[in-house]
Amino acid sequence: MTFTSNPPLRVGARILLLNPADEVLLVHARDPDAPDHHWWELPGAGQVPGEKLEDTARRETAEETGLVLDVIGRKLWTRESSFIYHGRKHHRLDHVYLARIEDTAPQVALRHTANERASLIERRWWSSAELSECADKLLPAELPGLLQTRFPTAPPALTA
């Protein structure tokens, strides 16, 4: 596959969402054009023009998981990536925010796009120990270490 141009940078937002047991929610996804290529990632996706990044994170989390986030915490990191998906080259800059949720039952109906219906496999809460043992591809690959480095014991409480 040969590409003649670089894709434009797409900005997005993702959530490092923690439940009361300090488990992180990840979405299992695959490339519909290459079903053997699958990975686990934080909920989130691309920003709509004019949308605040925190609102992107809220909207995408609700669409992908049914969970409504009233409070978004601090930005933890940004991650730039280039990848092939659906036969096209992509260039992303994701801003990752911290959020906590007490009630893990979905509050709204899932509103998956056609692309999400084709690519989303499942959602799962992961403990830090389980992530450290995960043999599947994680995005970012450093997620277990980032969790341990940023939250060596208990993650901090959110402030509004």
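To the nearest 0.5 angstrom, Leu98 atom CG is 8.0 Å from Ile15 atom CD1. In this structure, OG1 in Thr78 is found 13.0 Å from CZ in Arg92, a value given to the nearest 0.5 Å. Once rounded to the nearest 0.5 Å, the distance linking OG of Ser132 with CH2 of Trp126 reads 10.5 Å. Between atom CZ of residue Arg88 and atom CG of residue Asp31 there is a gap of 11.0 Å, rounded to the nearest 0.5 Å. The distance from atom CD of Glu60 to atom CG of Leu69, rounded to the nearest 0.5 Å, is 12.0 Å. The line from CZ of Arg100 to CG of Asp70 is 15.5 Å long, rounded to the nearest 0.5 Å.
In this structure, Leu147 and Leu131 have side chains that are in contact, with non-hydrogen atoms separated by less than 4.5 Å. Using a 4.5 Å heavy-atom cutoff, the side chains of Asp22 and Ser128 are not in contact. Counting heavy atoms from C-beta on, the side chains of Phe83 and His91 never come closer than 4.5 Å. Side-chain atoms of Val24 and Leu17, non-hydrogen and from C-beta on, never get closer than 4.5 Å to each other. Using a 4.5 Å cut-off on side-chain heavy atoms (C-beta onward), Leu26 and Leu143 make contact. The closest side-chain heavy-atom distance from Asn6 to Lys89 is below 4.5 Å. A 4.5 Å side-chain heavy-atom check between His86 and Pro32 finds at least one atom pair inside the cut-off. Residues Ile121 and Arg30 are in side-chain contact: their nearest non-hydrogen atoms beyond the backbone lie under 4.5 Å apart.
The minimum heavy-atom distance between Asp33 and Gly87, with the atom names listed, is OD2-N, 3.6 Å. Listed here is the closest heavy atom pair of Asp103 and Leu67: O-CD2, 4.1 Å. A pairwise comparison of heavy atoms in Glu41 and Ala29 identifies OE2-CB, 4.1 Å as the closest pair.
The environment of Glu122 atom CD is dense: over 12 non-hydrogen atoms of other residues, nucleotides or ligands sit within 6.0 angstrom.
Under the 6.0 Å distance and 45° angle rule, Arg79 does not count as a cation-pi partner of Trp77.
Under 3.5 Å, the side chains of His95 and Glu54 contain no donor-acceptor pair of N or O atoms. Looking only at atom types and distance, the side chain of Trp125 has no donor-acceptor partner in the side chain of Asn19 under 3.5 Å away. Side chain to side chain, Glu51 and Thr56 meet the donor-acceptor criterion of an N or O pair below 3.5 Å.
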Would Leu53 and Tyr97 count as a side-chain contact (heavy atoms from CB on, under 4.5 Å) if you check the C-alpha gap in whole Å, the side-chain angles of each, and the deciding distance to 0.1 Å?
CA-CA 9 Å; Leu53 285 168; Tyr97 294 87; 3.4 Å; yes

Checking side-chain contact (heavy atoms from CB on, under 4.5 Å) for the pair Glu130/Arg124: CA distance, chi angles, key distance, verdict?
CA-CA 11 Å; Glu130 289 171 327; Arg124 178 180 163 199; 3.3 Å; yes

So His90 and Tyr85, side-chain contact (heavy atoms from CB on, under 4.5 Å) or not? Walk me through it.
CA-CA 7 Å; His90 295 265; Tyr85 176 78; 3.7 Å; yes

Between Ile72 and Arg58, is the side-chain contact (heavy atoms from CB on, under 4.5 Å) condition met? List the steps.
CA-CA 8 Å; Ile72 301 286; Arg58 281 186 188 91; 3.5 Å; yes

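Under the 3.5 Å distance criterion, the side-chain polar atoms of Arg14 are matched with a main-chain donor or acceptor of Leu42.
Put simply, Val71 and Val68 are part of two different groups of oily side chains (I, L, V, M, F, W, Y) that touch within less than 4.5 Å, one to the next.
Centroid-to-centroid, the aromatic rings of Trp40 and His38 stay 6.0 Å apart or farther.
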